Amino acid sequence: MIELAHLQVVSAALFTIGIYGVLARRSAVLILMSIELMLNAVNINLIGFATFVDFGGAERALGQVLIIFVITIAAAELALAIAIILRLYRNRSSVNIDEIDLMKW
Amino acid sequence: MEQPPRPPRQRREPEVPEAPVALDERGTALSALIRDVLKEFEVEVGAAVDEVVVTVKPEDVSAICRIAKDDPSLDFKYLRCLSVVDYIETLEVNYHLFSLDKRHKAVLKASVPTEEPHVPSVISVWRGADWFEREGHDLFGVVFDGHPNLTPLLLYEGFEGFPGRKSFPFHEYDEW
Amino acid sequence: MDITQGRGNTPAESIFERVLPNAVTAKSSELFAHARKSSLWTLSFGLACCAIEMMSTHMSHHDLDRFGVVTWPSPRQADVMIVAGTVVKKMADPIKLLYEQMPDPKWVIAMGSCATNGGPYYRSYSVVMGVDHLIPVDVYVPGCPPRPEALMYGIMQLQEKILKDAKERGATSQAS
Amino acid sequence: MVTPSLVLFYAAAALTLGGGLGVVMTRNIVYAAFALLVAMMGVAGVFLLMFAEFLALVQVLIYGGAIVIVILFALMLTRVQDFEHLSDNRQWPIAAVVAAAIFGLLAASTVGTSVRTTTDAAGATVRTPVAFDALGESLFTQWAVPFEVASLVLLVALIGAVVLVRTSGGRD
Amino acid sequence: MQVQQQARTADTIDLMINMGPQHPSTHGVFRVVIWVDGERIVKAEPHIGYLHRGSEKLCEGELYSQVITLFDRLDYVANLNCELAFCLAVEKLMALEVPDRASYIRVILCELNRIASHMLFYGVYGLDVGAMTPILYGFRERERIQGLFESVTGARMMHNFIRVGGVKEDLRDDFEPRMAVLLEELKQGIEECDDLLSQNEMFLARTKGIGTIGPTEAIDFGVTGPSLRASGVLEDVRISEPYSIYERFDFGVPVGTYGDCWDRYYVRVEEMRQSLKIIEQAMAQMEPGPVAANVRRIARPPKGEVYVRTESPRGDFGVFLVSDGSDKPYRLKVRAPSFANLQALQYLLRDAYVADAVVILGSIDIILGEVDR
Amino acid sequence: MTVVQGIYYALGALALFVFLSFMVLVLTWVERKALARIQMRMGPMRVGFHGTLQPLADAMKLVLKEDILPSWADRRVYWLAPLAVFIPSLLLWAVIPVGRDLVLANLELGLFYIVAISVLTVMGLLMAGWGSANKYAMLGGLRAAGQLVSYEIPFIMAILAVAMLVQSLNLETIVDGQRNFAYILVQPLGLFIFLTAGLAELGRTPFDIHHAESELVGGPFIEYSGAHWAVFFLAEYINTFTIGALTVLLFLGGWRWPAMPFDGFAHSTLSVIWFLAKTYAVILFIFWIRGTYPRLRIDQLMAFGWKLLVPLSFVNIVITGIVLFYGWPLWTLTLISLVLLGATFYAISRHQGTRLERMTVTVHSFRGTRSEPPVVQPQPEAALED
């Protein structure tokens, strides 16, 4: 029997993996992917609550609506981020965030 | 009865006839014109069959070609062909020129010694000379000074010798 | 003289041969040979004059598609390489490479006299005198260039060879 | 109690977490993209198990059809030299510690808090699916304005991306 | 400023693509190395020589009558045109008068060969653009022409029919009726081919305005033949320096405007119609008579040199013949039209798309046999 | 889900696989024969009666052929790519009914499922292109991705317009909705968009730029041989069949035909026959296009997709919405659709790039030598610009 806790643990683990990726990797693209992972961790949590907890009434569909918004924002964010990365690559021929220090002095 | 041995037949050196010159009026007019235009240079204007032949010194080739192309009365905009002929001691570089407007034609000839065949490149005059010169370098070893890219064109990298020359063996090759 | 060593036109040992008794594998390999001979995909690869006749053979009038023969641009999907034309030393390595890129079982047809032995260019300095110096050839089609009918006959000979090979292999594997 | 749905859930979770680990562990960035795809398919599986068919398909469509492809496209276009041997930051041990700490925190809070889930008469938890039409109804009536705003965001992102990537006057 | 500088140096890396020597659309064994940025070509570098058979050198070891065999195999799509060029050169050197009938036969066969060659171009060009049917239509017409050639010369491709001083033998009795049928078929066939491809929207989209070259550049590169005429230059050896008996015919010379791929294509289609016109006139004018001048079996032209140019289907086919009076040529240089036309490829390919590279290469219609010789 | 259900699904999937494989074999034969007809040839003749066994021979040969792994290829990606292409194409058929009740899973969200799954094919093509580490393959993979992603939008929109008419995403409901008339009569514009986008999704002529034999020598599949290549081939033909089937289901009334018994065994048998017949008609149309048209260039293809098909598909949805919202009779929709379709064709035929404004090749007649100057026309300023 699937319990809410199962989903929460999976969500937490995925979120943690994402955080590790953001902190530890150097490639901008990989960091972007890690952010996607974190967003999906949130989605798992949302669907869990939406399904297991009875909100009743008009809020029944709220969880799923939120997920749709999250996915939308994720897509938009990714499009922009990839564009920025491509631009960076064109200017610096690298996607390593360590080397992107133009604003640092 | 003994017949006297027939005297060995005298081998005659075959008589080699020369091809007759048959210049049309356009050709005669052109040869006069060339003499006039190129009088600063040491040129020799003759004819072969129906074509005007202009013999020039190798070092003048580039300058003369430039004039031949740009001079409005000569107007040799079109380099038909660039060929090299091996006369054992010398290599002769031929530039076959044609004017689309005036419809007259001429051959420019420059003889270079086989040991050190150097001719200035005319690639700056006609861009179409590019591959012809590379081919001449490939098959005959003529060095076209000033050509930007005299790399093998027809032959593979590492081919030794100049197969177009008469000194190159004719058919003593391995099957592979 | 380094002929590429490979399995060439013997197919790789199939799983059937390992598992099934010999009598069955012999029969199955004959069946497979029928399949192979009915779908000979050629590498669309023309070298010289013969390529034009090879194309003719594929076109409406002669239509090699009737035999299931179609051309394929990539060597990875081809079964038969028709060497149509003169093989030049500069082209030798690419041809070997192409042959090696083809998957087993594969066959080679040498089309025309140039691919067979150099043909009219036998004494030239840059021609490989027969493609069999480079890769193993199964069928030689003579002619300069061979008529389309000749090429078709060559392909039918190749089909017979495939069948015969399979039968012989079956016989030897039964005997052993 | 092990039910088929629980087994399926474990499978989906394994896919998700395995894919996630693949993203952060692999040295090859293209593999990372494929691992991300696997993780997203796992999430789609979780959605399916929660009876959210629509969301699962959206997940497949958006992540499989758009996001991962865009990432791969960007990777193949840039052709970074250190394509296959990515290195980690120097502070990766710190990152690991931080991540572990956050996981501990999250897990503890999950275990520590009790959420009142719906149960049936026998006391077992039940999943209450949201009907597809209810979702649509809710999205286009109650949440219509946020929905429009979201589409506006997408449009802005699209234009922004185009402007960013465009090179001024041919190859610069 | 510094950032600007960096932006220039660190551009996206160009991808190098190696087209050929075995590539379905290089028309033989030709290799072109192209550097692309995305789908745009940055730089192109053609490599030839994969069919360099040393014909010119081989000719120096053959008798004059044997050289024709090698000339057949130079431009292996327009064999008779090559034979004609060589024979004209020898005849000019020997100052030979060719009988009228022989000249007519030569013209008829050469023009037929021109149609056959353009039909091959038509088909292969369709294939380059991505249509698979035109090649079958083109080869249908070729097959008809080759059938006629076979009945006249005994061979489908390597005819060895035009000889020094005339042609090998007279036409067969059934030539005229066969020719009449063939002319009707060809007329219909050319129109069919024209209908199938020329005005197709996608074909136009692919070829219009692609690979343009202006008249000055084209002449500078030594481009000749249909490719030159497509750029708006009225230059055809048949009218500017008439050889054989071409001044006796009324025919049109198609000339393009923009020098793009479509013009190059359509000039050839139009040329096929004009060739038919020439053949019709020649058939009407031809009268019985001898077909070969009185020449010794082993020709020994006098010492001298001669340059002859003819209009082969690909352009200005020139033969430079140096004779030392013996029975073998001292030096034979072939000015192959494809060789010169191919030089313009680098110019044509500038800033084109990868897909256009194939279309442009197809439109200048090269035959590797005469490029590499 | 019980064990019986599982077995039922497994058997169904197996049957589907066998059915599809058979269809692919038939399809290849039909294609070769149809193309041969167009090209005045005979096509396969020697293997079996009129070459009917030809596909079988081809398949057997391909499976027995050596499978080459190029040494520089990325091994895992290389081997997985055929599966990544093949599985989505098979998964699609889980919801496509071949006749009344002859469907593996009758999903409510059937159309949405098809849209979502069909996108996954791109991933396989990209994997194939990247995994074979060949420049042609790589370029082909990238082209395929770009093309498929752009044509996904009009594809989805065309489907959506039909869904609006029926108010359902279920394929059987859609077929039932065409009880009285097929939707081709209501939305000819939708059919045009759907078929064009579908051809692009398939990568068939005139949109076969990622195979592009004359440029890319076979695109992403260039390095594959033997069985793995056969899998790609299979997937491609299954996809062709899928597009044909979808066209029939969405626009041509599915398995319906005026003179059909309403229920019973006769009905289901006949329905399958009608369905296949209609599908093959659509596929023959696709082959016909292949036999006649050249290929577009990538930028033209993108321009066609984004500048023409995407706006058209949106317009299609808007007019459908207006007609449905105001409750106008459906023939008004037909009318608007037809007018738009006509306008589209007119626009294509009048477009500067696809039309010859005037003949650019002029013929100058001569007898004897020429006297005119050689350069007849100066290069005009307004050179062709697209």
Side-chain angles (χ1 to χ4, degrees), chain A residues 1-10 12-21 23-27 29-30 32-34 36-37 40 43-44 47-48 50-54 58 60-62 64-65 67-69 71-80 82-87 89 94-95, chain D residues 1 3 5-6 9 13 16-17 20-21 23-24 29 32 36 39 43 46-47 49-50 52 55 58 62 66-67 70-71 74-75 78 80 86-89 92 95-96 98-99 102-103 106-107 110 115 117-118 124-125 127-128 130 134-135 138-139 142-143 150 153-154 157-158 160-161 164-165:
Chain A
M1 193 61 71
I2 309 175
E3 301 282 350
L4 178 57
H6 288 131
L7 272 92
Q8 283 174 320
V9 170
V10 169
L14 196 58
F15 194 77
T16 313
I17 292 171
I19 282 193
Y20 173 78
L23 291 180
R25 308 310 305 255
R26 292 169 78 203
S27 167
V29 181
L30 270 174
L32 199 64
M33 291 189 211
S34 303
E36 293 296 324
L37 287 182
N40 272 278
N43 279 354
I44 292 181
I47 191 76
T51 319
F52 284 104
V53 182
D54 189 5
R60 294 265 316 111
L62 178 58
Q64 298 207 4
V65 169
I67 290 174
I68 289 176
F69 285 145
I71 291 178
T72 315
I73 303 300
E77 171 236 332
L78 184 114
L80 270 181
I82 286 283
I84 291 172
I85 289 172
L86 273 181
R87 192 74 236 184
Y89 175 75
S94 161
V95 291
Chain D
M1 194 172 70
T3 54
S5 61
L6 190 61
F9 174 76
T16 312
L17 296 182
L21 280 176
V23 171
V24 297
I29 197 159
L36 180 68
V43 175
V46 173
F47 285 160
L49 287 168
M50 299 292 123
L55 284 185
V58 165
I62 300 293
I67 289 186
V70 167
I71 290 177
L75 290 180
T78 49
V80 186
L86 299 163
S87 54
D88 279 352
N89 243 334
W92 72 267
V98 170
I102 289 180
F103 179 67
L106 284 176
T110 309
V115 179
T117 55
T118 42
T125 44
R127 290 165 280 171
T128 38
V130 181
L135 174 63
S138 166
L139 194 59
Q142 200 178 356
W143 306 101
V153 167
L154 272 181
L158 188 75
L164 271 174
V165 176

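Within every chain, numbering begins at 1; the chains are lettered A, B, ... in the order of the sequence lines, protein sequences first and strands thereafter. Not measured: the values here are computed from a predicted model.
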Counting heavy-atom pairs under 4.5 Å with chain A, which one of D:Val46, D:Val43, D:Leu55, D:Leu36 comes out on top?
D:Leu55

Can you tell if the side chain of D:Val23 reaches within under 4.5 Å of the side chain of A:Glu36, non-hydrogen atoms only?
no

Less than 4.5 Å apart, any side-chain heavy atom of D:Ile102 and any of D:Val98?
yes

Is D:Ala134 close to chain A through its backbone or its side chain, or both, or neither, when contacts mean heavy atoms under 4.5 Å?
backbone

Below 4.5 Å from any heavy atom of chain D, which atoms of A:Leu14 appear? Answer side chain, backbone, both or neither.
both

Interface check, chain A: of D:Leu139, D:Val58, D:Leu49, most non-hydrogen pairs under 4.5 Å belong to D:Leu139

Which bit of A:Leu32 comes within less than 4.5 Å of chain D, counting heavy atoms only: side chain, backbone, both or neither?
neither

Pick from A:Gln8, A:Met33, A:Glu77: which one has the most heavy-atom pairs with chain D under 4.5 Å?
A:Met33

Any A:Ile44 side-chain heavy atom under 4.5 Å of D:Thr16 side chain
yes

Tell me which of these, A:Val10, A:Thr16, A:Ile68, A:Ile19, has more heavy-atom pairs under 4.5 Å with chain D than the rest.
A:Thr16

Gap separating the CD1 atom of A:Ile73 from the CG atom of A:Leu78, nearest 0.5 angstrom
12.5 Å

Who wins among D:Leu135, D:Val70, D:Leu106 for the most heavy-atom pairs under 4.5 Å with chain A?
D:Leu135

Just give me the residue among D:Thr110, D:Ile62, D:Val153 that pairs up with chain A most often, heavy atom to heavy atom, under 4.5 Å.
D:Thr110

Between CG on residue D:Leu158 and CG on residue A:Leu80, distance to nearest 0.5 Å
9.0 Å

Inter-residue atom distance A:Ile82.CD1 - D:Ile71.CD1, 0.5 Å rounding:
5.5 Å

Select, from A:Ala12, A:Gly48, A:Ala75, the one with the greatest count of heavy-atom pairs under 4.5 Å involving chain D.
A:Ala12

Region of A:Phe52 in contact with chain D, defined by heavy-atom distances below 4.5 Å:
both

Identify the two heavy atoms, one from A:Gly18 and one from A:Leu37, that lie closest to each other, and give their separation to 0.1 Å.
CA-CB, 4.4 Å

Side-chain heavy-atom pair D:Phe9, A:Leu7 within 4.5 angstrom cut-off:
yes

Part of A:Ile84 lying under 4.5 Å from any heavy atom of chain D:
both

